[in-house]
Amino acid sequence: MNKEAWYVNISGIVFFLAIVIGTLMMTYYAAGRTTSTNDFYAAGNRLNGLQNGLAISGDYISAASFLGIAGSIAVYGFDGFFYSIGFLASYVIVQYLIAEPLHNLGRYTMADAVAVRFRERRLRGLIALNNLMITVFYMIAQLVGAGWLVHLLFGLETSWAIVLVGGLMTVYVTFGGMLATSWVQIVKSILLVSSTLMISLIVMSRFDWDLLGLFASMEHGTPLKEQFLKPGNMFDHPLDMISFNMALVLGTAGLPHIIARFYTVRDPRAVRLSVKTATVTISIFYVMTIFLGFGAAAFVDWSALSERVELAIPLLASALGGEFLMAFVSAVAFATILAVISGLVLTASSAFAHDVYSSIFRSGQASEAQQMKVAKLSAIVVGAASIVLALGAQKLNVAFLVSFAFAVAASANLPVLLFTLFWRGFNAFGAMASITCGLVSSLALIAIGPNVMDPVTGWIRAEAIFPLKHPGIVSIPIGFAGGILGTLLARRTSSRGQFEIMQTIAHVAPDEIRTREAG
């Protein structure tokens, strides 16, 4: 091993060990305070709004954001920035439509909130199945990103890196529950924003703090030339671009691991502060993706970027600050992946242990000890299954996998949430129809689209039947249409649920309800 390679490995090992040891210490601390299902699923509702907001941003800014977006901007220019716009704009819907009502309605999962209106076991089972599907796709993306990241820094085989990260995330969730996951996400959020700000400042300093000069350089310093700052580089069809943005903007409100974060605080005021804090933190990060992407386009070899766009930021850090800075940024990316995956494993575990086992199989009669045992076992099973699936998906683009998870969330979860909260005539059959139509159409369109079917690079070597890479423009309307048609077809035979009671709980703070009852 030459001196330079040894230096890279020593730097990386120090930073990675610091991340691993620090997060394990948090888990050890949290394990002693995780004694009930409320502790395991919702951190005992002990987080304040600022803490939860940072945890939300840590949960939301995934490997696709930190690794994939900068690379997409560097390679595709204007089109790559659609990721940042979509991820950021989505929080408008979260803030104004669902955050506070879901907090007031639910305990641990999205299904809890819907169950206040519809006490239908089949509906809860469908929601749990759909949310398991979303979290698994999301987890595969994070694990694939982790594999390539560790491979870049240490030369370790991506398969072993995936197993390593998957094992760590399972330990965090199994022993520390939501409290450990939240603290990992908070630390990750602070490290992420700090490191990206530092790199952005270094990029600007290389252009003498001339923002217009930075933009102008992109017209000459990349193979795309003037086209770099214009749309049409990443999407073959305008409808694909619209479809992509629909999924990103509408999908966040239906992501189960984001919804679960609304239950970790005590009151609606803390929920509002959580979303505001998350929005500010996320905004700062996504604005900086412009500088990260442009910097990568300017200072990183184009062939290296186009071969693996997910490695743009580590490669940029190496070009700007050498191996030491690359090791630090890679360690932050590693923390990013650990934080997001931990939240996903916990969400998947909650979907099975709370929604399926406790609420369906045991009719809500399972003891605390039984629920905790099943929750931890399900975390282990979900972690193992995700590792196996990620090992078979190592060549897939992580940004695509995440955008697909957003499409399923927007197509299957969002219609049910909005109809449940705001449509008096909505019924249980309509809810089941909406989820089924949204989920099935998303999966089917991806299966027959160019991401899977391609004569040269596809899993299925044939011409795609569905022309668009992103199914949202079709699957999202199908999800809403399924809810409407299902409701109308079963108007006389399916319960509309307790709409008035649900509305009261959803839009009036619980403390105020208790005050009224006492009066």
Testing the basics here: between Thr170 and Thr174, what is the closest heavy-atom pair and its distance to 0.1 Å?
O-OG1, 2.6 Å
I'd like to know if the side chain of Asn130 reaches the main chain of Ile435, judged simply by a donor and an acceptor atom lying under 3.5 Å from each other, with no hydrogens or angles considered.
no
For Ile473, is there any backbone N or O sitting under 3.5 Å from a side-chain donor or acceptor partner on Ser243?
yes
So, taking the atom named CD1 in Ile61 and the one named OG1 in Thr196, what distance separates them when rounded to the nearest 0.5 Å?
7.5 Å
Nearest non-hydrogen partners of Ile313 and Ala70, listed with the distance:
CG1-CB, 3.5 Å
Say whether Ser475 and Ser411, considering side chains only, have a donor N or O and an acceptor N or O under 3.5 Å apart.
yes
Atom pair OG1 (Thr281) and CG (Leu192), whose distance is rounded to the nearest 0.5 Å
10.0 Å
Separation of Leu132 CG from Met139 CE (nearest 0.5 Å)
8.0 Å
Distance, nearest 0.5 Å, that separates CD1 of Ile93 from CG of Leu414:
6.5 Å
Give a yes or no answer on whether the side chain of Thr436 reaches the backbone of Ala433 with a donor-acceptor pair at less than 3.5 Å.
no
Main chain of Lys469, side chain of Asn451: is a donor-acceptor contact present, judged purely on distance under 3.5 Å?
yes
Any side-chain heavy-atom pair from Ile19 and Leu191 closer than 4.5 angstrom?
yes
For Thr109, is there any backbone N or O sitting under 3.5 Å from a side-chain donor or acceptor partner on Tyr263?
yes
Mind checking the OH-CD1 spacing from Tyr138 to Ile341? Nearest 0.5 Å is all I need.
11.0 Å
Quick one: are the ring centres of Phe244 and His470 less than 6.0 Å apart?
yes
Checking Ser349 side chain against Val345 main chain: does a donor-acceptor pair fall under 3.5 Å?
no
Can any side-chain N or O of Asn52 pair as donor or acceptor with the backbone N or O of Leu47 at less than 3.5 Å?
no
How about Phe466 and Val474: do any of their side-chain heavy atoms sit closer than 4.5 Å?
yes
Is it the case that the side chain of Ser318 and the backbone of Leu315 share a donor-acceptor pair, with hydrogens and angles ignored and the cut-off at 3.5 Å?
no
Counting only heavy atoms from other residues, nucleotides and ligands, does the tally under 6.0 Å from OH of Tyr76 exceed 12?
no
Do any N or O atoms from the side chain of Gln227 and from the backbone of Pro231 form a donor-acceptor pair under 3.5 angstrom?
yes
Spacing of His257 atom NE2 and Leu346 atom CG [to the nearest 0.5 Å]:
11.5 Å
Without hydrogens or angle criteria, can the side chains of Thr252 and Ser90 be said to hold a donor-acceptor pair below 3.5 Å?
yes
Closest non-hydrogen atoms of Ala99 and Val275, given as atom of the first, atom of the second and distance, are CB-CG2, 3.8 Å
Between Ile186 and Trp183, is a side chain to side chain contact (heavy atoms under 4.5 Å, CB included) present by the stated rule, with each step listed?
CA-CA 5 Å; Ile186 290 169; Trp183 280 110; 4.0 Å; yes
Atom of Ala390, atom of Val144 and distance for their closest heavy-atom approach:
O-CG2, 4.0 Å
Aromatic ring centroids of Phe419 and Phe480 under 6.0 Å?
yes
If you apply the rule side chain to side chain donor-acceptor pair (under 3.5 Å), what do you find for Ser84 with Thr289, and how did you get there?
CA-CA 7 Å; Ser84 299; Thr289 58; 2.7 Å; yes
The ring pair (Phe, Tyr, Trp, His ring centres under 6.0 Å) partner of Phe299 among Phe291, Phe294, Phe207 is Phe207
Looking only at non-hydrogen atoms, find the nearest pair between Pro256 and Asn413 and report the distance.
CD-ND2, 4.2 Å
Does some side-chain heavy atom of Asn245 sit less than 4.5 Å from a side-chain heavy atom of Phe82?
yes
Closest approach of Arg261 to Gln185 (non-hydrogen atoms, all atoms of both residues):
NH1-OE1, 2.8 Å
Is a side-chain N or O of Thr347 found less than 3.5 angstrom from the main chain of Gly343, in a donor-acceptor match?
yes
